[in-house]
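Reading through the structure tokens given below for one structure.
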Amino acid sequence: MNAAEDAALTILRVDGSQAAIDRAIACEVPVAIEIDGFGYAVMMMTPQDFGDFATGFLLTERLIDAPADILDIDPFETERGWIVRVTLVERCRARIHDRVRHRTSDTSCGLCGISGLEQVARPLAYRATRPAAPAPALFAALSALRAHQPLNVQTGAVHAAAACDAAGTILAVREDVGRHNALDKLIGHLAGAPVPAFLLVTSRISYEMVDKALVIGAPILVGISAPTTLALSHARTHDLTLVALARPDAMLVAHDPFGWFTTDPE
């Protein structure tokens, strides 16, 4: 499987002009880590360098002491994603049994709290509605966002997730060192409130970020970085309008199911 795939997108400029472009989109797939027959974690990642990843992951998880503790690494593709099967020396196996028995979640960037690929595609009844925020509103919110990021101004080390109205006014912002955490905080704050016109996040648009936007029912998700292939597919499945690489002068419309921003609807 390739690490990137080409996609046809539309560039949306602040002056109102637009143009069709082709851009490489990073591939994102679920990768289940199985260790000595135990489903340990599912990571959302680029499908390459599985041996290096497995070795580094086991070292940082303190499941092995050195690469020599790994007897075999066997990655293979399935219909739902990839499985990386790892076999360890006998001396390390007790750690796996103990960790699997007590482990509920981790702070890694992925779906580490689940153990199998079948748990990744959780059902969603939601399908997005037609957007209400015009392009100028997206640019306005982006320009105003920094003023709502006091922790990042202070540290330069945290992400933000913002809820915005149809005029581009920022209604609420939450910050966190983790992009998923920032969006979860915002969603928790908005619980029970009207659905915002769009969400703006200071990160790449991964599958999980799209999934969280869908759960809250947002019509548009805007990110300052690019989407992954799995994020784009998830947005297309549920008609979520996706805008990426948001900059003061231009943004990329990655998916526009209602023809809201682009001249010709998809």
Side-chain angles (χ1 to χ4, degrees), residues 1-11 20-35 39-58 60 73-86 106-124 128 159 178-180 183 199 201-215 220-247 251-257 262 266:
M1 186 173 187
N2 296 328
E5 296 177 2
D6 291 334
L9 309 178
T10 300
I11 185 169
I21 67 166
D22 290 324
R23 181 180 175 85
I25 302 295
C27 291
E28 181 187 25
V29 299
V31 178
I33 310 300
E34 292 186 3
I35 307 173
Y40 187 79
V42 176
M43 307 297 292
M44 306 301 287
M45 59 184 290
T46 302
Q48 62 180 12
D49 302 321
F50 289 122
D52 290 343
F53 170 75
T55 302
F57 182 73
L58 268 64
T60 57
I73 299 174
D74 179 25
F76 61 95
E77 189 173 11
T78 73
E79 291 184 1
R80 292 173 171 167
W82 284 78
I83 296 175
V84 177
R85 287 182 174 159
V86 182
D106 276 293
T107 56
S108 304
C109 178
L111 299 176
C112 289
I114 65 178
S115 59
L117 294 175
E118 69 281 354
Q119 296 174 307
V120 174
R122 292 162 290 186
L124 271 175
H159 283 294
R179 56 196 174 89
H180 306 101
L183 187 49
L199 298 176
V201 296
T202 62
S203 66
R204 69 181 175 89
I205 302 173
S206 65
Y207 173 89
E208 291 138 297
M209 300 300 274
V210 168
D211 198 62
K212 293 176 190 297
L214 289 169
V215 168
I220 307 172
L221 176 61
V222 182
I224 67 169
S225 191
T228 65
T229 51
L230 200 59
L232 192 55
S233 174
H234 202 33
R236 287 172 174 167
T237 297
H238 297 280
D239 291 335
L240 176 68
T241 300
L242 207 59
V243 179
L245 289 171
R247 300 291 185 270
M251 300 179 180
L252 283 181
V253 180
H255 185 50
D256 191 16
T262 56
E266 295 186 17

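This chain uses plain numbering: 1 for the first residue, then up along the sequence.
- Side chain of His255 to backbone of Leu242: no donor-acceptor contact under 3.5 angstrom is found.
- Across all non-hydrogen atoms, the minimal contact from Ala4 to Ala24 is CB-CB, 4.4 Å.
- Considering every non-hydrogen atom in both Ala128 and Asp239, the closest pair reads CB-O, 2.9 Å.
- Atom-to-atom distance recorded for Glu28:CD and Thr228:OG1 is 3.5 Å, nearest 0.5 angstrom.
- Scanning all heavy atoms of the two residues, the minimum distance from Val243 to Ile205 falls at O-CD1, 3.6 Å.
- Scanning all heavy atoms of the two residues, the minimum distance from Pro47 to Val29 falls at CB-CG2, 3.8 Å.
- Here the shortest heavy-atom pairing between Met209 and Leu221 reads O-CD2, 3.8 Å.
- Under the 3.5 Å distance criterion, the side-chain polar atoms of Asp256 are matched with a main-chain donor or acceptor of Thr262.
- Residues Ile83 and Thr78 meet the side-chain proximity criterion, which asks for heavy atoms closer than 4.5 Å.
- Distance CG/Leu232 to OG/Ser206: 12.5 Å, rounded to 0.5 Å.
- When the salt bridge (charged side-chain N to carboxylate O under 4.0 Å, His left out) test is applied to Arg247, no partner is found at least two apart in sequence or on another chain.
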Phe76 vs Trp82, ring-ring contact (aromatic ring centres under 6.0 Å, His included): CA-CA, chis, key distance, verdict: CA-CA 6 Å; Phe76 61 95; Trp82 284 78; 8.1 Å; no
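- Taking CG of Leu245 as the reference point, atom CD1 of Ile11 lies at 9.0 Å (rounded to 0.5 Å).
- Considering only heavy atoms from C-beta on, Leu9 comes within 4.5 Å of Ile25 through its side chain.
- Between Leu252 and Thr10, the closest side-chain pair of non-hydrogen atoms is not below 4.5 Å.
- Looking at Val86 and Leu58, their side chains come closer than 4.5 Å, going by heavy atoms from C-beta outward.
- Rounded to the nearest 0.5 Å, atoms NE2 (His234) and CG (Leu240) are 9.0 Å apart.
- In this structure, Ser203 contributes its side chain and Arg179 its backbone to no donor-acceptor pair below 3.5 Å.
- Looking only at distances, no side-chain donor or acceptor of Glu5 sits under 3.5 Å from a matching main-chain atom of Ala26.
- Rounding to the nearest 0.5 angstrom, the gap separating the CD1 atom in Ile224 from the CZ atom in Arg204 is 12.5 Å.
- Under the 3.5 Å distance criterion, the side-chain polar atoms of Thr237 are matched with a main-chain donor or acceptor of Ser233.
- Using the six-membered ring where Trp is involved, Phe53 and Phe57 have ring planes that are parallel, under 30° apart on the 30 and 60° scheme.
- Summarising the geometry of Thr241 relative to Pro257, their closest heavy-atom pair is OG1-CD, 3.7 Å, with the distance given to 0.1 Å.
- Using a 4.5 Å cut-off on side-chain heavy atoms (C-beta onward), Val84 and Ile73 make contact.
- Rounded to the nearest 0.5 angstrom, Glu34 CD and Asp74 CG are separated by 10.0 Å.
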